[in-house]
Amino acid sequence: MVPFAGWSLPLHYGQGHLQSHLHTRRRCSLFDVSHMPQTRVYGRDRVRFMESLVVGDIAELKPGQGTLTLLTNERGGIVDDLIVTNTSEDHLYVVSNAGCADKDLAIMRGRAAELQATGSDVHLEVSDNALLALQGPSMARVLQAGLSDDLAKLSFMNSITTTVFGVPGCQVTRCGYTGEDGVEISVPAGRAVELAERLLGVPDVWPAGLAARDSLRLEAGLCLYGNDIDETITPVEAGLLWTLGKRRRTAMDFPGAAVIMAQVKEKPKRKRVGLTSEGPPIRPHTAILGPEGTPVGTVTSGCPSPSLGKNIAMGYVEVAHSRAGTALTVEVRKKQHPALVTKMPFVPTQYYTAK
């Protein structure tokens, strides 16, 4: 167990990190991610409220559809990355990062109060539900046995409220943090253990902890808040420009829009890239050096890839050195080792689209 954002979380279970990671890629694993805050936003002005904080086009979401979006500050920095779902039950469902819980809630409550003072109809409800993530190629077969709904009709980033293995009132969202086909299940806290034990009773399902979660998301090229993105990094620098809705770019009505859209036109000075390397593993804060041996960037995440059998990392480099195939070096323990700018994801993602 390790401390994480005020919680005590498992690093790994009995199988160990390597086997847990590979099992998720080959079959499926269950992650307890109940540390992630879940918030519901109600009221007729809920979309306007949400769009006053994030860069995404929330208004275009169909009932049951969600999106990854970014909460930004007036400097264009990323305050947090969120998943916002337009549920079929007349509210928005927001999942955020545990490490950002206090500041996110303060920002959301502050904005809600401002809008309420001008007559807007919006209010927040912090959920005490647990959150279980079932991830891997066997997920659909395992979960379908406990559902009356047809999972084949549920596409990536879409959500339904249903009964799961006899537990009513579960919100099942086809998403995850591994690059595999998966779901996150928001389940009433009083029945979370029951559901988890039911899922873990299936031989294909192993419990997995933070270590596998981190290496899986890195292979998938997904950012970890606090490492790869933070309040000093913009969506353009992070390669997350796709999160900006087209309508929102035109309206420029989100926090930090002037800074972000200027970077879109003028190009940023640095860019997030993937790296593969030889030698010892690359870890966060490792210096990235250019052809002349001068610093051109810094690693933000890195580990040996269990799936690929080589070192992978992501970090920020000067734009001139950001093209895939660029040869660089990394400095580990005062020694230099070859590194190559590599397209992400390192391992192809398996997100599901209904036919």
Quiz item: Got a sec: does the CG of Asp102 have more than 12 other heavy atoms crowding it under 6.0 Å?
Solution: no
Quiz item: Do Glu318 and Arg270 sit within salt-bridge range, that is, some charged N less than 4.0 Å from a carboxylate O?
Solution: no
Quiz item: Between the main-chain N or O of Ser159 and the side-chain N or O of Thr173, is there a donor-acceptor pair closer than 3.5 Å?
Solution: no
Quiz item: With a 4.0 Å cut-off, would you call Arg174 and Glu184 a salt bridge?
Solution: no
Exercise. State, to 0.1 Å, how close Thr342 and Leu275 come at their nearest heavy-atom pair, and which atoms those are.
Key: OG1-C, 4.2 Å
Practice problem: Please confirm whether the backbone N or O of Lys246 pairs with a side-chain atom of Thr250, one donor and one acceptor, at under 3.5 Å? | Solution: yes
Practice problem: Evaluate side chain to side chain contact (heavy atoms under 4.5 Å, CB included) for Leu124 paired with Arg109, printing each intermediate quantity in order. | Solution: CA-CA 7 Å; Leu124 310 178; Arg109 283 176 170 163; 3.9 Å; yes
Quiz prompt | NZ/NE/NH1/NH2 to OD/OE distance under 4.0 Å, Arg25 and Glu180 | solution = yes
Quiz item: So, are Asp204 and Arg141 salt-bridged, with charged N and O less than 4.0 Å apart?
Solution: yes
Quiz item: Within a radius of less than 6.0 Å around NZ of Lys103, do more than 12 heavy atoms belonging to other residues, nucleotides or ligands occur?
Solution: yes
Practice problem: May I ask you to say whether Asp57 pairs ionically with Arg247, meaning some side-chain N is under 4.0 Å from a carboxylate O? | Solution: yes
Quiz item: Do you know the tightest heavy-atom contact between Met344 and Val273?
Solution: CE-C, 3.7 Å
Self-check item: Side-chain ion pair, Asp228 and Arg217, N-O less than 4.0 Å
Solution: yes
Quiz item: Just one of Thr234, Val79, Leu240 clears the side-chain contact (heavy atoms from CB on, under 4.5 Å) bar with Leu70, so which one?
Solution: Leu240
Quiz item: Do His337 and Glu331 have side-chain N/O donor and acceptor atoms under 3.5 Å apart?
Solution: no
Quiz item: More than 12 foreign heavy atoms under 6.0 Å from CZ of Arg26: is that the case here?
Solution: no
Exercise. Quickly, which of Leu199, Thr24, Asp181 forms a side-chain contact (heavy atoms from CB on, under 4.5 Å) with Met139? Name it, please.
Key: Asp181
Exercise. Could you grab the distance from atom CD1 of Ile288 to atom OG1 of Thr326, nearest 0.5 Å is fine?
Key: 11.5 Å
Practice problem: For Glu194, enumerate each residue passing the salt bridge (Lys or Arg N to Asp or Glu O under 4.0 Å) test, keeping only those at least two apart in sequence or located in another chain. | Solution: Arg191
Quiz item: Cluster partners of Val95, using ILVMFWY side-chain heavy atoms under 4.5 angstrom, listed by chain and number?
Solution: Phe31, Val33, Met36, Tyr93, Leu131, Leu216
Quiz item: How far apart are the C-alpha atoms of Gln38 and Ser127, what are their side-chain angles, what is the distance that settles it, and do they pass the side-chain hydrogen bond (donor to acceptor under 3.5 Å, both in side chains) test?
Solution: CA-CA 5 Å; Gln38 302 171 67; Ser127 173; 4.6 Å; no
